[in-house]
Structure formats: structure tokens, C-alpha cells
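Both counts, for ligands and for their atoms, begin at 1 and track the order of listing.
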Amino acid sequence: MKYIDIHAHLNFPDRYPDLEELAEKTSDDSVAVINIGTGEETSKRAVELANQYDHMYAIVGLHPIYASPSYATENIEAFDFGYYRELLETSDKIVGVGECGFDYYHCDDEAKQLQETAFRAQLEFAGENNLPVMLHIRSSEGTYDAYEDTLEMIREYKEKFPNLIGDVHFFAGTVEIAQAFLDLGFYISFTGVITFAPMYRELVEMVPMDRTMSETDSPYVAPKPFRGERNEPSHVREVVKKIAEIKNLDEDIVAEQIMENAQKLFGI
Ligand SMILES: [Zn+2]
């Protein structure tokens, strides 16, 4: 595979009724995919896809908005170590834990507490199993509060698990926050938003190529020229193209380096 989409949700049952066709297209386009769990059901589905398709991998865990009552759902879960331990046994293509972290968009103190409990459990689980974490971080409007709290958590858990690293998915913080994650050994991934939101240029420029990752966050945020459509992993090529353009590098070299980064971080 030439490209890799390190964060997609082909495991969302209602969004991809044409999954078989799409999986084939993704493979034909030479795009490897990591499907990300957001709870028990979607994690299990991500693992099934990884076991079914050579070019797919899975990350399993609990999204903060499914760990607390939120704008998205009332049906919440706790992170069940036993469930995820058993899941790990079913595949050698589980390459990380998450997506986990903090989502403070319309979130009260009780919800924050539940998110913290789930996040701590997953940092522990990742550390124990020597797996990287896929971080989801969304701050309350006009602040970077969730980024600050995440950095604090990572620093705390690195004392216990010095090798703990991962990827900051859909990064939307400042250059200073990006640098703090880089200093902790983390990678930073960019989505299709970089193809249409000029505010990302400076960030893409500053993250070194050997820490840069590409993702689509499918089915969300399709890049230009597919805006408004359902997103799919093949569109990760537009993200790679934009990174190459901003960094003034050859697209093939960028694709190659990102694949190398993914191999290193996820052991694939
Ligand atoms: Zn996601």
C-alpha cells in the first residue's frame, strides 16, 4: 500500500452499506486503513474488518462522548478491561487504543469526570499492553482546555509507562500545543480540513515530516473537491497532496514517509 488513512470509521454500521465495494476500491487505490472504535460495538466491528481485509487494521476503545452523557448520545459505556482484553486475543491486527481523550464541547463537570475515568482506564490499558493511543481532543469553545488537560494526563502516565506514545487525531490546537505533544514523542495527524481551512497551514509547516500522519476521519470532513459528500479512505490522497504542497515536498516522498511513520508507531 502506498497511502495510509490512520483514522477512519468504516466500522460505523449505518454509514457504509456498500462496505465491500468500498473496501475493494480502497485496496485498488493502494490505501491502507485503520478503523477506530468508539465503544464496544464499533471496536468489535473494527476488529472484524481488520480480520477480513489485509489492508485494514483496528484501534479499539471508548470515545469520550460515549463515556459521558453528551451532545451526541445518552447511551454511555464504562471502559471494561475484560471486554477489551478478550478482544485483543481475537486479532493480531489491533494496533492501538482509542479513540480516547477529552471532548469538552457542551460538557458539564459530571461528564468531564466520567471522561477522565474512561481516559485513565485506557491509558492504563495501553501502557499494560504496550500499545499506542489514538487521542481525540476537543476543547470548549474559544479555549484549549481539553488540550491542556490531556497533556497533563499524558505526562502523568508517562511516569508509569515511559514508552507511552500515540497520535493526536484531528489536531486543532496551537503551534505551542503541537510542540508539547511532539516533545512527549507523539505524532500529529491531519484530516481533509487542511485542504480548505487556511488556519492549518502553519501547523502543517511546523510538524516535522517524521511525526506527520494522514487521516480522513471518514465518514466526516471530506476534503476538497469532495466537500459535503460522505468521506472515504481513498480521499486521504488529497490530504497527502496538501501536506506535500504546504511543505513544498514531492507527494510520493510524503506518502512514503507517512507510511514509514505509521509502520513505526503502529507496528504494521
Ligand atoms: Zn474518530
Side-chain angles (χ1 to χ4, degrees), residues 4-16 19 22 26 31-50 56-68 70-73 75-77 79 84 87 94-107 115 118-119 122-123 125-126 131-139 146-147 150 166-173 181 186-195 197 200 212-223 226 229-236 238-239 258 262 265-266:
I4 184 159
D5 176 1
I6 70 152
H7 191 118
H9 298 287
L10 298 182
N11 48 330
F12 284 179
D14 324 333
R15 301 304 294 271
Y16 296 102
L19 181 72
L22 195 68
T26 308
V31 178
V33 185
I34 305 179
N35 287 306
I36 314 294
T38 53
E40 292 185 3
E41 273 313 304
T42 55
S43 292
K44 189 170 152 226
R45 182 74 186 128
V47 174
E48 284 167 3
L49 293 177
M56 292 194 192
Y57 302 85
I59 287 181
V60 298
L62 178 58
H63 193 296
I65 66 166
Y66 298 106
S68 62
S70 69
Y71 59 90
T73 180
N75 301 321
I76 64 166
E77 296 177 21
F79 184 79
Y84 289 96
L87 204 53
I94 298 174
V95 297
V97 177
E99 55 190 295
C100 56
F102 292 123
D103 192 316
Y104 292 167
Y105 186 73
H106 296 174
C107 177
Q115 291 186 10
F119 193 16
Q122 291 175 89
L123 291 171
F125 186 73
L131 287 168
V133 284
M134 175 61 72
L135 297 178
H136 170 99
I137 309 168
R138 188 176 186 188
S139 297
Y147 283 98
T150 302
D167 173 72
V168 192
H169 141 70
F170 208 140
F171 189 81
F181 278 105
F186 276 65
Y187 292 72
I188 289 176
S189 57
F190 296 105
T191 63
V193 290
I194 67 166
T195 64
Y200 284 92
T212 298
M213 295 283 201
S214 56
E215 60 158 301
T216 63
D217 202 16
S218 294
Y220 311 114
V221 288
F226 306 100
E229 294 173 21
R230 181 190 68 173
N231 204 357
E232 58 174 270
S234 292
H235 296 343
V236 80
E238 302 301 325
V239 178
I258 290 175
L265 178 61
F266 300 114

Colleague: Tell me how many protein N, O or S atoms are within a distance shorter than 2.8 Å of the Zn ion (ligand 1).
Modeller: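 There are 3 of them.
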Colleague: Which heavy-atom pair separates Val236 from Ile4 by the least distance, and what is that distance?
Modeller: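 Closest approach of Val236 to Ile4: CG2-O, 3.7 Å.
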Colleague: If we ignore angles and hydrogens, is there a donor and acceptor under 3.5 Å between the side chains of His235 and Glu229?
Modeller: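 No, Glu229 and His235 have no side-chain donor paired with an acceptor closer than 3.5 Å.
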Colleague: Search all heavy atoms of Leu62 against all heavy atoms of Tyr84 and return the closest pair with its distance.
Modeller: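 The pair with the smallest heavy-atom distance is N-OH, 4.3 Å.
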Colleague: Evaluate the side-chain contact (heavy atoms from CB on, under 4.5 Å) criterion for residues Phe170 and Glu215: first the C-alpha distance (whole Å), next the side-chain angles of each, then the deciding distance (0.1 Å), finally the verdict.
Modeller: CA-CA 8 Å; Phe170 208 140; Glu215 60 158 301; 4.3 Å; yes
Colleague: Tell me whether Asn11 contacts the main-chain N or O of Asn35 through its side chain, where contact means a donor paired with an acceptor under 3.5 Å.
Modeller: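 It does not hold such a pair.
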Colleague: Test His63 against every option in Gln115, His136, Glu77 by the side chain to side chain donor-acceptor pair (under 3.5 Å) rule and name the one that passes.
Modeller: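 Exactly one pass, corresponding to His136.
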